[in-house]
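Here's the structure, in structure tokens; my notes come after.
Note that the structure is a prediction, hence the values are computed from the model and not measured.
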Amino acid sequence: TYTDDFSGETAERAEKILQRMKEQGIQPSVKVYSAVLLAWCKRAGKLQGAMAHAEELLQEMESYSSQQDETIKGRKETLRNDQVVRPNVITYTTYIGGLARSKEHNLAERAEDVLDRMKKHGIQPDMVAYTSVLNALSKCQSKNEREKAATKAVSIIEEMEGLYDEEQYYAKPSLITYSTAINAIGNSLDPSAPELAENMLRHMYELHESKRIEGLKPSTATFNAVITAMARSKLRRGRKTAKKAEQLVVEMFRRSERGEKHVMPNVKTWGGVLLAWAESGLPDAAENAQRVLNKMEDLYKNGDTTVGANVVCFTTVIGAWCRAGHVDRAEELLMKMEELFEITGERHLRPNSISYVTMIDGFVRNNAPNAAQKAQDTVNRMIEFYAKDVGFTRPSKIVFNTLINAYSKSSEPGAAQAAEQILQWMENQYREAGDKYLKPDEISFCGVLNAHANHAENGGSERARQILEHMESLTDEERGFRQTVICYNIVIKALARSGDMDSIKYAERIVERIERRTDLRPDTTTYSSLINCCAYYSGPAEGRSEALDIALQTFNKLCNADDEGPNNVSYGTLFKAINNLTPIGKDRNELMWKLFRQCCEEGQVDGFVLSQVRNASSTDLFRELVAQPIGVSGAKGEANIKMLLRKMPARWSRNLTTKAVRH
């Protein structure tokens with residue numbers, strides 16, 4: 001007996017049942033198809049290929065629907081509802097929901113296409129379908145989609161309002177619809193996103209007051225969506241937007257006092273305002289965030305509101321102080337949270353892993369004196385609080401990874417060894433005590449490798465090699481993660497600090513080892529790191545020629561790679577190798593001419609490239625290579641690099657990527 005209830009079944013098992021029904025000549029109903037599709041959509045974002053399965057099922061249903069339409073047309077007969085396999089509104093909205101979860105780069109575009117597919121198959125999108133597309137727009141991640149998200153969200157709202165005006169009541173937008181549209185606007189990269197979000201709020205009041213659409217009086221959730229949009233706007237205009245967010249809170253209090261109890265600010269409202277100030281980029285951002293937090297606490301203490309600050313509010317302000325460079329103020333706030341929780345036991349005041357990670361990261365980013373030790377003290381305090389067994393957060397893997405990172409950035413003697421001890425402890429906790437909560441991941445290993453790479457001159461490169469070999473000796477199951485090239489790249493970076501031929505040879509073998517693997521391949525950074533290893537050669541003069549040969553061979557491999565080619569870092573590093581490894585003369589000049597011309601043609605010229613070309617060239621050669629082609633005369637000093645970047649043809653830098661630019 002087959003059932004259309006797949007609750008509790010995995011997507012894979014549900015689809016197997018569906019296939020078995022078809023093999024036995026049993027026509028699955030729309031409900032069965034939709035249930036299996038739902039199972040796959042629930043796995044979207046968690047299981048690779050889940051939405052491909054869902055898409056295949058939807059296409060199969062659409063195909064059946066078209067075939068049945070042709071059959072009915074030819075025979076002039078009708079089919080019972082249980083015989084028709086036509087995707088319905090629920091089917092399509094389920095699919096759109098899966099796209100929103102999927103995090104795929106074109107999820108919003110695909111979600112919009114579903115609306116057209118629905119209409120093509122005679123299904124009119126309803127409020128839920130339109131709102132689902134708006135939700136996809138609020139979750140999209142690609143730059144291209146986010147640039148259009150606000151405009152598309154406004155367009156969808158206008159389409160729904162137009163349909164409702166034409167008495168197509170199935171398209172009546174709800175409060176959730178408008179809040180979701182505002183979220184989509186907040187997720188966009190539109191420079192006018194804050195204004196668009198507030199305009200949507202004012203428009204809702206107009207619709208409600210004019211009775212054009214009943215039931216659209218904005219709620220706390222609506223205001224929160226607008227404030228969050230202002231806080232999230234990547235093109236925010238600092239003080240103006242943060243002050244506007246704060247003014248909305250004042251408006252909410254006033255409306256609430258006039259009887260609109262459904263717009264009373266809650267903790268999320270205050271969190272949005274704190275974030276707007278904290279992320280404003282202003283010199284006094286932290287001071288304003290602290291001011292708002294103090295105001296929030298005063299209102300709560302005086303009984304003017306039932307909403308008190310929670311861990312998110314405190315952590316937001318801690319982050320603001322860290323970004324402002326005042327780690328002492330941030331630490332005071334963290335300790336205040338610890339004290340408040342220890343006294344009251346109120347869970348909303350309990351510092352969490354993000355609170356501690358924010359603090360540790362603040363020490364590191366601000367180059368605080370003894371940053372690694374302060375990070376260690378913070379973690380020790382966290383461990384001590386947890387040991388009291390009164391409800392404090394247990395230190396997690398992310399906390400220890402952040403501590404390892406702190407040691408990796410430290411120049412203090414013994415920092416690399418301290419980082420490695422933490423990793424070894426985490427491994428022991430997992431292997432001997434079965435503590436999955438502390439199981440090291442690639443970030444753990446990369447942090448320790450970076451620590452040794454930054455102390456390569458003190459035997460760090462050798463230790464980095466040993467740790468890499470230890471990683472390679474583990475199975476994927478033992479390791480708990482699949483290796484990427486990142487760890488290999490760090491070890492090659494460490495080897496570069498040694499400056500001897502043995503290190504270059506070992507780095508070359510690492511690259512060859514990756515090339516032989518079927519599950520891994522070198523990337524641009526891998527090859528560039530090996531070239532850099534050659535550039536740092538400082539051994540006997542007779543080894544320079546061999547080091548240069550390895551650098552050039554590696555560069556040629558990169559040029560011939562199928563998916564990646566040399567970038568500005570690759571070129572700049574090769575010019576550095578030429579400067580360090582070749583004698584001044586005709587051969588060097590010819591090599592510089594060839595490579596710089598190629599770099600220009602591939603659009604990879606930036607400040608790093610120009611500075612390395614300058615270092616490797618005589619004054620006359622640099623003038624011929626760079627200055628004369630762009631019509632500039634003068635010396636080749638550092639001050640001229642910025643001027644040359646401004647004046648050089650745009651095509652010379654047309655293919656630079658943000659991550660690779662090193663001006």
- Does S256 use its side chain to pair, donor to acceptor, with the backbone of F253 at less than 3.5 Å? no
- Nearest heavy-atom pair of N366 and V327: which atoms, and what distance? ND2-CG1, 3.5 Å
- Are the side chains of V399 and V379 in touch, meaning some heavy atoms are under 4.5 Å apart? yes
- Task: Start with the C-alpha gap between K148 and E112, add the side-chain angles, then the distance that decides, and say whether salt bridge (charged side-chain N to carboxylate O under 4.0 Å, His left out) holds.
- Result: CA-CA 12 Å; K148 303 173 184 175; E112 288 180 275; over 6 Å; no
- Heavy-atom distance under 4.5 Å between the side chains of N187 and C140, does that happen here? yes
- Task: Ignoring hydrogens and angles, tell me if any N or O in the side chain of S188 forms a donor-acceptor pair with the backbone of I185 under 3.5 Å.
- Result: yes
- Is a donor on one side and an acceptor on the other found under 3.5 Å between the side chain of T177 and the backbone of S174? yes
- Do other residues, nucleotides or ligands put more than 12 heavy atoms under 6.0 Å from the CZ atom of R394? yes
- Query: Quick one: does N199's side chain have a donor or acceptor within less than 3.5 Å of a partner on E195's backbone?
  - Reply: yes
- Query: When rounded to the nearest 0.5 angstrom, what is the spacing between CD in E339 and CD in E332?
  - Reply: 12.0 Å
- Message: Show me the pairs that pass ring pair (Phe, Tyr, Trp, His ring centres under 6.0 Å) and involve residues 345-370, at least two apart or across chains.
- Response: none
- Query: For the side-chain hydrogen bond (donor to acceptor under 3.5 Å, both in side chains) test, which of E331, Q290, E287 pairs with W321?
  - Reply: Q290
- Flag side-chain contact, heavy atom, 4.5 Å: M51 against C41: yes
- Query: Within a strict 4.5 Å, meaning less than it, do heavy atoms of the T305 and P265 side chains meet?
  - Reply: no
- Task: Any chance you could lay out the side chain to side chain donor-acceptor pair (under 3.5 Å) test for Y407 and Q376, step after step, and finish with the verdict?
- Result: CA-CA 9 Å; Y407 278 116; Q376 182 69 67; 2.9 Å; yes
- Task: Considering only NZ, NE, NH1 and NH2 on the basic side and carboxylate oxygens on the acidic side, decide whether E279 and R323 come within less than 4.0 Å.
- Result: yes
- Query: Of all heavy-atom pairs between E161 and P173, which one has the smallest distance, and what is that distance?
  - Reply: CG-CG, 4.3 Å
- Beyond-backbone contact of P440 with K397, side-chain heavy atoms, under 4.5 angstrom: no
- Strictly by modelled atom types, are R291 and N288 linked by a side-chain donor-acceptor pair under 3.5 Å? yes
- Message: Tell me if a side-chain donor or acceptor on R479 pairs with a main-chain N or O of M471 at a distance below 3.5 Å.
- Response: yes
- Query: If we only count heavy atoms from C-beta on, is the V226 to M200 side-chain gap below 4.5 Å?
  - Reply: no
- Can you label the angle between the F392 ring and the F341 ring as parallel, tilted or perpendicular, going by 30° and 60°? perpendicular
- Query: Taking atom types as modelled, is there a side-chain donor on T315 or T358 under 3.5 Å from an acceptor on the other?
  - Reply: no
- Under 3.5 Å, is there a donor-acceptor pair linking the side chains of S444 and D441? yes
- Item | Expected output: side-chain S155 to main-chain T151 donor-acceptor under 3.5 Å | no
- With side chain to side chain donor-acceptor pair (under 3.5 Å) as the test, would you mind laying out the steps for N380 and E384 before giving the verdict? CA-CA 6 Å; N380 290 345; E384 289 168 7; 6.0 Å; no
- side chain to side chain donor-acceptor pair (under 3.5 Å) between E420 and Q424: does it pass, once the steps are laid out? CA-CA 6 Å; E420 188 173 344; Q424 290 173 346; 3.3 Å; yes
- State, to 0.1 Å, how close A416 and H452 come at their nearest heavy-atom pair, and which atoms those are. CB-ND1, 3.5 Å
- Message: Has N454 got a side-chain atom pairing as donor or acceptor with N450's backbone, closer than 3.5 angstrom?
- Response: yes
- Is a side-chain N or O of R350 found less than 3.5 angstrom from the main chain of G391, in a donor-acceptor match? yes
- Message: Assess the residue pair T402 and N405 against the criterion (side chain to side chain donor-acceptor pair (under 3.5 Å)); give the C-alpha distance rounded to whole Å, side-chain angles, the decisive distance to 0.1 Å, and a yes or no.
- Response: CA-CA 5 Å; T402 309; N405 180 61; over 6 Å; no
- In plain terms, say whether E198 and R202 are close enough for a salt bridge, that is, a side-chain N and a carboxylate O under 4.0 Å apart. yes
- Residue pair I354 / V311, side-chain heavy-atom distance below 4.5 Å: no
- Task: Search all heavy atoms of A111 against all heavy atoms of I96 and return the closest pair with its distance.
- Result: CB-CG2, 4.0 Å
- Kindly give the heavy-atom pair with the smallest separation between S611 and I641, and that separation in Å. N-CD1, 4.0 Å
- Is the shortest heavy-atom distance from the side chain of N401 to the side chain of M426 under 4.5 Å? yes
- Message: Give me each pair satisfying ring pair (Phe, Tyr, Trp, His ring centres under 6.0 Å) with a member in residues 179-215, each pair once, sequence neighbours excluded.
- Response: none
- Item | Donor-acceptor pair, side chain of E109 and main chain of E145, under 3.5 angstrom | no
- Steps toward salt bridge (charged side-chain N to carboxylate O under 4.0 Å, His left out) verdict (K301, E297): CA-CA 6 Å; K301 288 175 184 176; E297 290 187 293; 5.4 Å; no
- Message: Restricting to non-hydrogen atoms, name the atom on L216 and the atom on L207 that form the minimum distance, rounded to 0.1 Å.
- Response: CD1-CD1, 3.8 Å
- Message: Donor-acceptor pair, distance only, cut-off 3.5 Å: does the side chain of N135 make one with the backbone of T131?
- Response: no
